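Below is one structure, written out as structure tokens, with a few remarks after it.
Convention: sequence-line order gives letters A, B, ...; per-chain numbering from 1. As the structure is a computational prediction, the values presented were derived from the model and not from experiment.
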Amino acid sequence: MKGSSLRPFFIYNSLSRSVEEFTPLDRDCVTYYSCGPTVYLRQHLGNMRSYIFVDTLKRALAFNGMRVRHVMNITDVGHMTSDADGGEDKVEKTARVEGRSPQEVASFYTKLFLSDLKELNVETPDVVCAASDHIADMIALIKRILERGFAYVVRSGVYFDVEKYRGENRVGRLSRQSLDEQHAGQRLEHAPDKKSPHDFALWVLNQPTHLMQWDSPWGRGYPGWHIECSAMAMRYLGETIDVHSGGIDHIPIHHENEIAQSESATGKPFVRYFVHNAFLVGMEGAKISKSAGKFPVLEDLVEAHVNPLAFRLFCLGAKYRSELVFNIDAVRAAERNLYYLYGFTANARPEEEDSPWTQAYRERFHEAINDDLNTPEALAVVLEMVNKAYREGDHRVWGALREFDSVLGLRLAEQLEYLSKLKVPADIQALVEQRAQARRDKDFRRSDELRTQLRARGWEAKDHRDGTSEYVPRWN
RNA sequence: GGCGGCGUACCCAAGUGGCUAAGGGGGAGGUCUGCAAAACCUCUAUUCGUCGGUUCGAUUCCGACCGCCGCCUCCA
């Protein structure tokens with residue numbers, strides 16, 4: 001069934017600034033590189049939105065019958081705290097502040113990050129690669145760029161020659177900004193030996209205070225901030241990849257530079273579809289950023305007794321290209337929807353074939369997903385279908401629901417599994433029996449008292465008309 | 001200064017040149033219930049920031065204005 005209807009998948013490509021039909025280079029496997037975290041801080045909910053988006057895109061491609069090979073980097077070296085040519089490595093800074101080695105810091109935050117992804121039911125990429133493990137690949141790539149004459153070596157490092165590149169290529173393809181429009185270097189101090197303030201570092205030299213350094217043909221130093229993505233993407237996915245995604249903030253600098261350095265090395269197109277997601281913003285419309293300091297992380301939600309998957313559902317409630325306002329009430333609203341769906345799994349009929357009327361919902365769902373990942377519309381379809389199932393007392397929709405959840409990632413099947421295996425513990429069972437007796441005795445005071453006790457233990461009583469009761473675990 | 005985006009009900013958020021402007025949350029009322037819970041039903045934007053223009057017709061296209069935001073420095 002899945003993907004059997006040959007419906008084209010459409011996605012917005014930042015390169016063309018339009019929604020395009022997606023077709024992979026190799027019909028059998030989509031190559032996908034997404035920008036991962038810099039591991040010097042816990043990733044906040046804004047970051048999580050991006051990873052949920054990436055996961056949803058992958059799931060949507062799979063839903064359309066495509067295999068995906070997904071690579072994500074872990075940046076554990078090279079990102080500066082202040083500006084492009086100096087400053088302090090972020091990982092090193094955290095290491096200093098926390099009194100640990102950079103390696104310890106990177107490994108600590110990498111683990112936290114991966115565990116957060118698990119909580120959000122984000123599938124682990126096929127390859128998760130650390131920049132520090134791929135220095136040799138970066139050096140090799142820089143050599144190629146040098147050989148082709150698009151870079152030069154000076155005392156402070158190896159730089160990409162933007163002027164040279166501009167002569168033969170288009171700069172600013174993504175950002176639509178000409179070099180002259182960019183006020184590069186205006187707000188920061190740049191290395192004095194760069195030929196142009198637009199030039200960016202491929203390899204940084206002569207920074208003796210840096211802890212993380214490697215030998216290179218040009219001297220001891222460390223890689224620039226864009227080269228890792230090009231090097232690792234090529235290493236694992238080839239010189240031209242189908243999809244590359246990242247936050248919208250990466251368009252003007254990071255991805256622009258990636259294209260420049262990659263294409264000057266290979267002479268081939270680097271990325272076929274660039275996909276960018278918008279930010280999660282704070283209540284006042286302010287960006288939730290790392291450098292701004294305070295921002296909520298997944299743990300904050302857990303502490304507020306919010307199911308992490310409610311946050312996932314909350315994110316799916318808006319299009320990935322729209323800014324989304326973070327609002328705890330809206331997340332709780334999403335949580336209600338999540339439990340509405342979970343509640344339905346208890347009524348689902350997995351063993352029965354779907355009712356014919358589910359077909360219309362399948363089609364609507366598929367169309368919404370394939371329309372540039374219109375998850376809000378897709379969600380509306382899901383809720384309408386479940387509502388209809390309840391309303392008409394025809395619960396034979398499990399096949400469709402499970403298929404929808406392969407894209408949404410709300411763990412509905414796991415929920416069903418959990419409920420089916422659930423046993424009422426003995427102590428709860430004792431209360432249940434006492435309550436049944438109280439109800440038979442029409443001692444409703446006692447009965448209500450016991451219900452309160454059960455609630456406190458996490459169980460909800462549902463009384464039926466015939467005098468029987470059902471006990472289900474409360475979601476929260 | 002340059003580039004980009006946004007402004008839809010109390011809140012979150014889709015969408016369209018013209019059928020009733022999705023869906024959810026919240027609120028109000030109701031069905032069911034001993035009371036609840038769950039679920040279901042009804043109601044909750046004559047209107048889509050403001051003002052113009054194009055059009056038979058605009059919330060949707062164009063322009064101006066107001067407001068908010070992002071990027072141009074690491075950032076999802």
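Using a 4.0 Å heavy-atom criterion, one finds that R455(A) contacts the sugar-phosphate atoms exclusively. At the heavy-atom level, K319(A) lies under 4.0 Å from the strands shown only through sugar-phosphate atoms. R49(A) comes within 4.0 angstrom of nothing in the nucleic acid, heavy atoms only. Counting any heavy atom pair closer than 4.0 Å across all strands shown, A346(A) reaches no nucleic acid atom. Note on R446(A): nothing from the nucleic acid sits closer than 4.0 angstrom, heavy atoms only. Across all strands, L379(A) comes closer than 4.0 Å to no nucleic acid atom at all (heavy-atom distances).
Each of E460(A) and Y320(A) lies near RNA chain B, and the nucleotide nearest Y320(A) is the one positioned closer to the 5' end. Residues V381(A) and A330(A) each lie close to RNA chain B; by heavy-atom proximity, the contact nearer the 5' end of the strand is made by A330(A).
At a cut-off of 3.5 angstrom, counting only N and O atoms as typed in the model, there is no donor on one side facing an acceptor on the other between the side-chain of N337(A) and the base of G25(B). Between the side chain of D463(A) and the base of C35(B), a donor-acceptor pair under 3.5 Å is found. With hydrogens and angles ignored, a donor-acceptor pair closer than 3.5 Å exists between the side chain of R451(A) and the base of C35(B).
Taking atom C1' on both C66(B) and C74(B), the two are 33 Å apart, rounded to the nearest angstrom. Spacing of P atoms, U31(B) relative to A37(B), comes out at 14 Å, to the nearest Å. Of the C1' atoms belonging to A21(B) and A13(B), the separation is 13 Å, rounded to the nearest Å. Comparing the C1' positions of U59(B) and G18(B) gives a spacing of 12 Å, expressed to the nearest Å. Between the C1' atoms of U47(B) and A9(B), the separation comes to 9 Å (whole Å). Taking atom P in both G2(B) and U46(B), the straight-line distance is 39 Å, to the nearest Å. Taking atom C1' in both A22(B) and A14(B), the straight-line distance is 6 Å, to the nearest Å. Distance check on atom P: U42(B) versus G25(B) gives 14 Å, rounded to whole Å.
L341(A) approaches L412(A) most closely through the heavy-atom pair CB-CD2, 4.0 Å.
Of the listed nucleotides (C41(B), G4(B), G23(B)), G23(B) has the atom at the smallest distance from the side chain of A380(A). Relative to the side chain of L324(A), the nucleotides G23(B), A22(B), C12(B) differ in distance, and C12(B) lies closest. Among the nucleotides C12(B), G25(B), C74(B), the one closest to any side-chain atom of F314(A) is C12(B). Side-chain atoms of S447(A) lie closest to G34(B) of the nucleotides G34(B), A76(B), A14(B). Each of A13(B), C40(B), C35(B) was ranked by its minimum atom distance to the side chain of A318(A); first place goes to A13(B). Taking only side-chain atoms of E384(A), from C-beta outward, the nucleotide of A22(B), C12(B), A76(B) with the closest atom is A22(B). Of the candidates G34(B), C40(B), A14(B), the closest approach to any side-chain atom of Y340(A) belongs to C40(B). Looking at the side chain of I253(A), the nearest of the listed nucleotides C72(B), C11(B), A76(B) is C72(B). Of all nucleotides listed (G25(B), C75(B), G4(B)), G4(B) comes nearest to the side chain of R17(A). Closest to the side chain of Y390(A), out of C40(B), G25(B), G15(B), is C40(B).
C6(B) is paired with G67(B) under the Watson-Crick or G-U wobble criterion, all donor-acceptor distances under 3.5 Å. Using N1 to N3 plus N6-O4 or O6-N4 for Watson-Crick, or N1-O2 and O6-N3 for G-U wobble, each under 3.5 Å, U46(B) pairs with nothing. U33(B): no Watson-Crick or G-U partner with both key distances under 3.5 Å is found in any strand. Summarising the base pairing, G52(B) is matched to C62(B) through a Watson-Crick or G-U wobble pair whose two defining distances lie under 3.5 Å. With a cut-off of 3.5 Å on both Watson-Crick or G-U wobble distances, the partner of U16(B) is given as none.
Contact between the side-chain N/O atoms of S322(A) and the OP1/OP2 oxygens of A14(B) is found at a separation under 4.0 Å. Contact check, R465(A) against G34(B): no side-chain N or O comes under 4.0 Å of OP1 or OP2. Y361(A) has no side-chain polar atom (N or O) that falls below the 4.0 Å cut-off from OP1 or OP2 of G23(B). Between C40(B) and N387(A), a contact under 4.0 Å exists linking OP1 or OP2 to a side-chain N or O.
Side chain to side chain, Q429(A) and E433(A) meet the donor-acceptor criterion of an N or O pair below 3.5 Å. Inspection of the N257(A) and Q261(A) side chains reveals no N or O donor paired with an N or O acceptor under 3.5 Å. There is a side-chain donor-acceptor pair under 3.5 Å between E228(A) and N73(A). Using modelled atom types and a 3.5 Å distance limit, the side chains of N121(A) and R411(A) yield a donor-acceptor pair.
Taking atom CZ on R445(A) and atom P on A36(B), their separation rounds to 17 Å, with Å as the unit. Atom-to-atom, CZ of F311(A) to P of A13(B) comes out at 13 Å; the value is rounded to the nearest Å.
The aromatic rings of H134(A) and Y236(A) stand perpendicular to each other, their planes meeting at an angle above 60°, with 30° marking the opposite boundary.
You'll find the ring centres of Y390(A) and H395(A) inside the 6.0 Å limit. Residues F404(A) and Y361(A) keep their aromatic ring centres 6.0 Å or farther apart.
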